[in-house]
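We count residues from 1, following the sequence as given.
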Amino acid sequence: MYINIQELVNYIVRNRSEEERAAFIRPFQDAFKAFEAQEPLKIDVEWKRRIFKMVLVEVKNLGDGTEKEIEGFFNLLFSHLYSLYASDGSDTKDYVNVFIQLLTDEPSTQKFLKYRILSNLFNATEHTSSIRPLVYSALVQISSANGDLDALQITRKNIEKWLSEWHIAPIEKASFLKTISGAYEAQSQPEIAYEYERLYVQTLPLTSPDVQQGAIDLITTALRLPSVFDFDPLFKLDAVISAKGHELFSLLQIFLSDGLLEFNAWIGSRSHILDNHSN
């Protein structure tokens, strides 16, 4: 750890004046003098965590280095993080949120580097960890904001695999799916957004206060999209069936099993309903 921490410290101060470097490094030198004076068995995890925190509070941006150096710097930070803290611990989540905020606040000039750093953090995190969706949601949101969502090469197969691995509650899984659906909607890819919106509604617990609104929004999306011809999958969702008392449910039934005559009759008496759900 001693050598690795030195590498992190040297990277942070590499472009500072000699006087600033000396002042910055001094607390670490003092800490490591104490380190060298201790017997190995007496150097506990709490001491290592204190040193790690000393480094982390000084990480305020990507730093001044090549892309390879910057990526290596953060990979080393992630390695220390997971060697010192539990993969699902509250402290770990707090530190990960710090990393995410730092990368979100950075200018977009190095956006693909930020994607790689977040991807590295995602891959370094245990497959079952509740931190994985936190990291990937941030990656989705940042790439979507920059118009680069397709660069992630998201597949439904991967998403469903990850959801089956993560130790998180169904409501958290649903929230993750809603993030992906919203990102595709923002990228003007409504067909893919609809696919994940269906998964979102399917995953929502029926006890959730969002379940009826989610079902109605899904029905609205399905009726609005010209590419949707098969409405039968919606009737297999408990959330949609639970919304059968809603005014749009009868229109969905017409699209599923009736014809133009029934549709025109519905429009003739309830056209205002479509206006209410046009946005």
Side-chain angles (χ1 to χ4, degrees), residues 61-62 66-75 78 96-97 99-166 168 170-204 210 214 217-231 233-234 237 279:
N61 49 50
L62 295 183
T66 65
E67 289 198 354
K68 184 177 181 180
E69 288 171 329
I70 295 170
E71 191 173 352
F73 172 79
F74 279 92
N75 285 345
F78 302 154
V96 167
N97 277 319
F99 291 136
I100 290 173
Q101 191 63 49
L102 184 151
L103 292 166
T104 303
D105 291 345
E106 277 288 308
S108 60
T109 51
Q110 293 177 296
K111 58 184 183 178
F112 288 104
L113 173 61
K114 292 195 294 185
Y115 304 160
R116 288 203 305 275
I117 292 172
L118 282 171
S119 295
N120 292 342
L121 177 56
F122 179 79
N123 291 329
T125 306
E126 283 188 14
H127 287 192
T128 58
S129 174
S130 62
I131 289 175
R132 270 199 145 198
L134 179 70
V135 176
Y136 204 81
S137 292
L139 185 54
V140 167
Q141 290 166 342
I142 294 173
S143 61
S144 176
N146 291 324
D148 297 321
L149 189 60
D150 287 343
L152 301 187
Q153 299 181 320
I154 299 171
T155 66
R156 177 168 174 170
K157 180 180 179 181
N158 280 342
I159 295 300
E160 291 181 327
K161 176 179 179 292
W162 294 337
L163 288 173
S164 71
E165 294 172 340
W166 295 340
I168 57 176
I171 193 68
E172 293 176 278
K173 294 181 180 182
S175 177
F176 175 75
L177 290 164
K178 188 173 185 179
T179 296
I180 296 178
S181 177
Y184 276 111
E185 186 69 35
Q187 294 288 289
S188 300
Q189 299 186 54
E191 288 81 9
I192 302 178
Y194 171 67
E195 181 180 346
Y196 287 105
E197 187 179 5
R198 259 183 30 216
L199 282 176
Y200 159 69
V201 172
Q202 178 182 323
T203 306
L204 266 178
D210 299 322
D217 289 344
L218 179 63
I219 293 171
T220 303
T221 302
L223 295 176
R224 187 180 70 236
L225 285 177
S227 58
V228 176
F229 299 101
D230 183 9
F231 298 93
L234 296 188
L237 299 179
N279 295 322

What heavy-atom pair brings [X] and [Y] nearest, and what distance separates the two atoms?
X      : Y      : answer
Ala222 : Leu234 : CB-CD1, 3.6 Å
Ala186 : Ser144 : CB-OG, 4.2 Å
Val201 : Gly214 : CG2-O, 3.4 Å
Ala174 : Leu204 : CB-CD2, 3.9 Å
Thr203 : Pro170 : CG2-O, 3.6 Å

Q: Would you tell me whether Asp105 and Gln101 have side-chain atoms, one donor and one acceptor, within less than 3.5 Å of each other?
A: yes
Supply the atom-to-atom distance [X] [atom1] to [Y] [atom2], rounded to the nearest 0.5 angstrom.
X      : Y      : atom1 : atom2 : result
Tyr136 : Ile159 : OH    : CD1   : 5.5 Å
Arg224 : Asp217 : CZ    : CG    : 9.0 Å
Leu134 : Ile100 : CG    : CD1   : 4.0 Å
Gln110 : Arg116 : CD    : CZ    : 9.5 Å
Phe112 : Asn146 : CZ    : CG    : 8.0 Å
Leu103 : Ile117 : CG    : CD1   : 5.5 Å

Do [X] and [Y] come within less than 4.5 Å of each other through their side chains, counting heavy atoms only?
X      : Y      : answer
Asp148 : Tyr115 : yes
Thr221 : Val228 : no
Leu218 : Leu237 : yes
Ser137 : Phe176 : yes
Leu177 : Gln202 : no
Lys114 : Leu139 : no
Phe78  : Asn123 : no
Leu223 : Phe231 : yes

(Q) For residues 172-189, which residue pairs pass the side-chain hydrogen bond (donor to acceptor under 3.5 Å, both in side chains) check, not counting sequence neighbours? (A) Asp150-Gln189
Q: Could you check Leu118 against Phe99 for side-chain contact (heavy atoms from CB on, under 4.5 Å), going step by step and ending with a plain yes or no?
A: CA-CA 9 Å; Leu118 282 171; Phe99 291 136; over 6 Å; no
Q) Counting N and O atoms only, with roles assigned by atom type, does the side chain of Asn158 sit under 3.5 Å from a partner on the main chain of Ile154, one being a donor and the other an acceptor? A) no
Q. Would a distance-only check, ignoring hydrogens and angles, find a side-chain to backbone donor-acceptor pair under 3.5 Å from Glu69 to Thr66?
A. yes
Q. Stepwise, does the side-chain contact (heavy atoms from CB on, under 4.5 Å) test hold for Leu199 with Glu160?
A. CA-CA 9 Å; Leu199 282 176; Glu160 291 181 327; 3.7 Å; yes
Q. Of all residues at least two apart in sequence or in a different chain, which pass the salt bridge (charged side-chain N to carboxylate O under 4.0 Å, His left out) check with Glu126?
A. none
Q | Aromatic ring proximity, centroids under 6.0 angstrom, Trp162 and Phe122 | A | yes
